[in-house]
Amino acid sequence: MTPNAWTSWPLRESLSREGISSARLWIGRSVRVLVVAGLTWATVTGPHFHGWALMAAVAGLALTMLAFRGFFRVTLQHRLWPAIALFAVLEAAAFGFRYADARTPAIVLWCACAIVAMERLPLSVAVPCAGAALGAYAVINTDNWLTTTTTTAGLALAGYVVRLDAEARGNAQRLLAQERAARKAEAESAALTERGRIAREIHDVLAHSLSAQLVHLEAARLLIQRSTDLEADREQLMERVVACRGMAREGLDGTREALSALRGEMVPVEDFLSRLAAAEGARLDVSGEARPLPAEAGLAVRRVAQEALTNVRKHAPGARVNVLLEYTADDVRLEVRDFGGRGQAAELAESGSGYGLLGMRERAELLGGTLESGPAEEGFVVRLRVPA
């Protein structure tokens, strides 16, 4: 046994009623009530108490119960010196009963003091306190030394067993509390992660939408700046404004779609890409056996496709675009490749934040995938791979 085990208090969970079943609580209360009732009856009906002496004995029993209650409270609070003082009061009460010829209350009180001291005090204090109580019992009870010795040893062992049982219960309660705290922390962490996912999705949707709107607005600005006859260019300006409005609507729809996707309400990726490719005039090819994708992987494919097509619109208007979606055994791959037109719209290329593909690369890496982008033999290519 380590030195700390001798000087440390039992766990608070060991000294409280927490973790004790209701049946066990009622059994304990019933036993205490029966013991108190039995002691009171033995005192009242005993031949040694009459009149004022009887009232004093009953009052002594009541004060003893209050002292026991106070002892339980101060030991729960780990207050050593008040606990020792109350234990001394209980011992004095036992001697008082003995010298008043109330032998039964004295013996019960000494035995109870020994057991509760072993259960609720640090061992360095519990052992001498229990030894004093049991020693007093052994000295007073001289009927049969063998019976007295056996009873004394049994009570000491019973007190230690009660202590071990309380410590086991306290450890179980502490582990349960730690597990609950860990689950709560895990739930809070999951909630924060979910909020981060939602914030990232909304950020990416709005960044894409605003970037696309900026492309159209910049084109409209250039058209106005260079035009000598705004009435003649009215139709082109209207097309740009309508397209910009469409981008704003797409941004709102994309935000709703991102939230729906995070809730598991998502259309298949190939259907989404089919509509997107048709709107952008691109060609879509799907290879491999199509299957439902996890929410984050599906969103990554969608966002990268949107960002890549927006870049084509900015940097290579009019270019031919091929979109390839490939399902493999362990992941899903997306390739967006344009052919020709690169560099035709240098002024539009300056619009936007320039962080679209960087954000998509970070998204892919968070999922354990990769994103590569750069010039090809002809045009520009974006390749995404995410586990799925």
Heavy-atom pair of closest approach, residues [X] and [Y]:
| X | Y | answer |
| --- | --- | --- |
| P387 | D331 | CA-CB, 3.8 Å |
| P10 | E119 | CG-O, 3.6 Å |
| S373 | V382 | CB-CG2, 4.0 Å |
| A388 | P294 | CB-CD, 4.0 Å |
| A94 | L109 | N-CD2, 3.4 Å |
| A117 | C129 | CB-CB, 4.1 Å |

- Task: Show the numbers, then the answer: is there a side-chain contact (heavy atoms from CB on, under 4.5 Å) between T328 and R333?
- Result: CA-CA 8 Å; T328 65; R333 303 182 183 187; 4.1 Å; yes

Donor-acceptor contact present, side-chain [X] to main-chain [Y], <3.5 Å:
| X | Y | result |
| --- | --- | --- |
| R73 | R69 | no |
| T75 | H78 | no |
| S274 | E270 | no |

For [X], what residues pass the salt bridge (Lys or Arg N to Asp or Glu O under 4.0 Å) criterion, not counting sequence neighbours?
| X | answer |
| --- | --- |
| E335 | R337, R383 |
| R283 | D285 |
| R174 | E13 |
| D271 | none |

- Query: In the single-linkage hydrophobic clustering (I, L, V, M, F, W, Y; side-chain heavy atoms under 4.5 Å), do V125 and F71 co-cluster?
  - Reply: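 Yes: a chain of side-chain contacts under 4.5 Å links V125 to F71.
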
- Query: F87, V89: one ILVMFWY side-chain cluster at the under-4.5 Å cut-off?
  - Reply: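 In one cluster with F87: V89, no.
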
[X] side, atom [atom1]; [Y] side, atom [atom2] - distance, nearest 0.5 Å:
| X | Y | atom1 | atom2 | result |
| --- | --- | --- | --- | --- |
| L276 | L284 | CG | CG | 9.0 Å |
| N171 | L176 | CG | CG | 12.5 Å |
| Q173 | Q178 | CD | CD | 11.5 Å |
| F68 | C113 | CZ | SG | 4.0 Å |
| R79 | W9 | CZ | CH2 | 10.0 Å |
| W81 | L86 | CH2 | CG | 13.5 Å |

- Could you point out which residue of V332, L367, T370, D330 forms a side chain to side chain contact (heavy atoms under 4.5 Å, CB included) with R385?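 Exactly one candidate clears the test, T370.
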
So do the side chains of [X] and [Y] get within less than 4.5 Å of each other, counting heavy atoms only?
| X | Y | result |
| --- | --- | --- |
| L371 | E362 | no |
| N322 | L324 | no |
| V74 | L80 | no |
| L123 | M118 | yes |
| N311 | F380 | no |
| S287 | L325 | no |
| F272 | Q306 | yes |
| Y327 | L293 | yes |

[X]: which residues meet the side chain to side chain contact (heavy atoms under 4.5 Å, CB included) condition with it, sequence neighbours left out?
| X | result |
| --- | --- |
| L155 | C111, I115, L134, T151 |
| E289 | none |
| A85 | none |
| E365 | R361 |

- How far apart are the C-alpha atoms of R120 and L76, what are their side-chain angles, what is the distance that settles it, and do they pass the side-chain contact (heavy atoms from CB on, under 4.5 Å) test? CA-CA 8 Å; R120 305 183 69 87; L76 180 61; 4.1 Å; yes

- Message: Connecting only ILVMFWY residues whose side-chain heavy atoms lie within less than 4.5 Å of each other, what is the rest of L63's hydrophobic cluster?
- Response: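 L66, all in the cluster of L63.
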
- Item | Nonpolar side-chain network containing L157, other nodes, edges under 4.5 Å |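 Answer for L157: V161.
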
- Task: State which residues pass ring pair (Phe, Tyr, Trp, His ring centres under 6.0 Å) with F95; sequence neighbours excluded, sorted by chain then number.
- Result: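 Ring pair (Phe, Tyr, Trp, His ring centres under 6.0 Å) list for F95, sorted by chain: W110.
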
- Before accepting this row, confirm whether a basic side-chain N of the pair E167/R163 lies closer than 4.0 Å to the acidic partner's carboxylate O.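 Salt bridge present between E167 and R163.
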
- Are L334 and V336 close enough, and set up right, to give a side-chain contact (heavy atoms from CB on, under 4.5 Å), and what steps lead you there? CA-CA 7 Å; L334 175 73; V336 180; 4.3 Å; yes

- Query: R183: what forms a side-chain hydrogen bond (donor to acceptor under 3.5 Å, both in side chains) with it, not counting sequence neighbours?
  - Reply: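 If we apply the side-chain hydrogen bond (donor to acceptor under 3.5 Å, both in side chains) test to R183, skipping adjacent residues, the hits are E179.
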
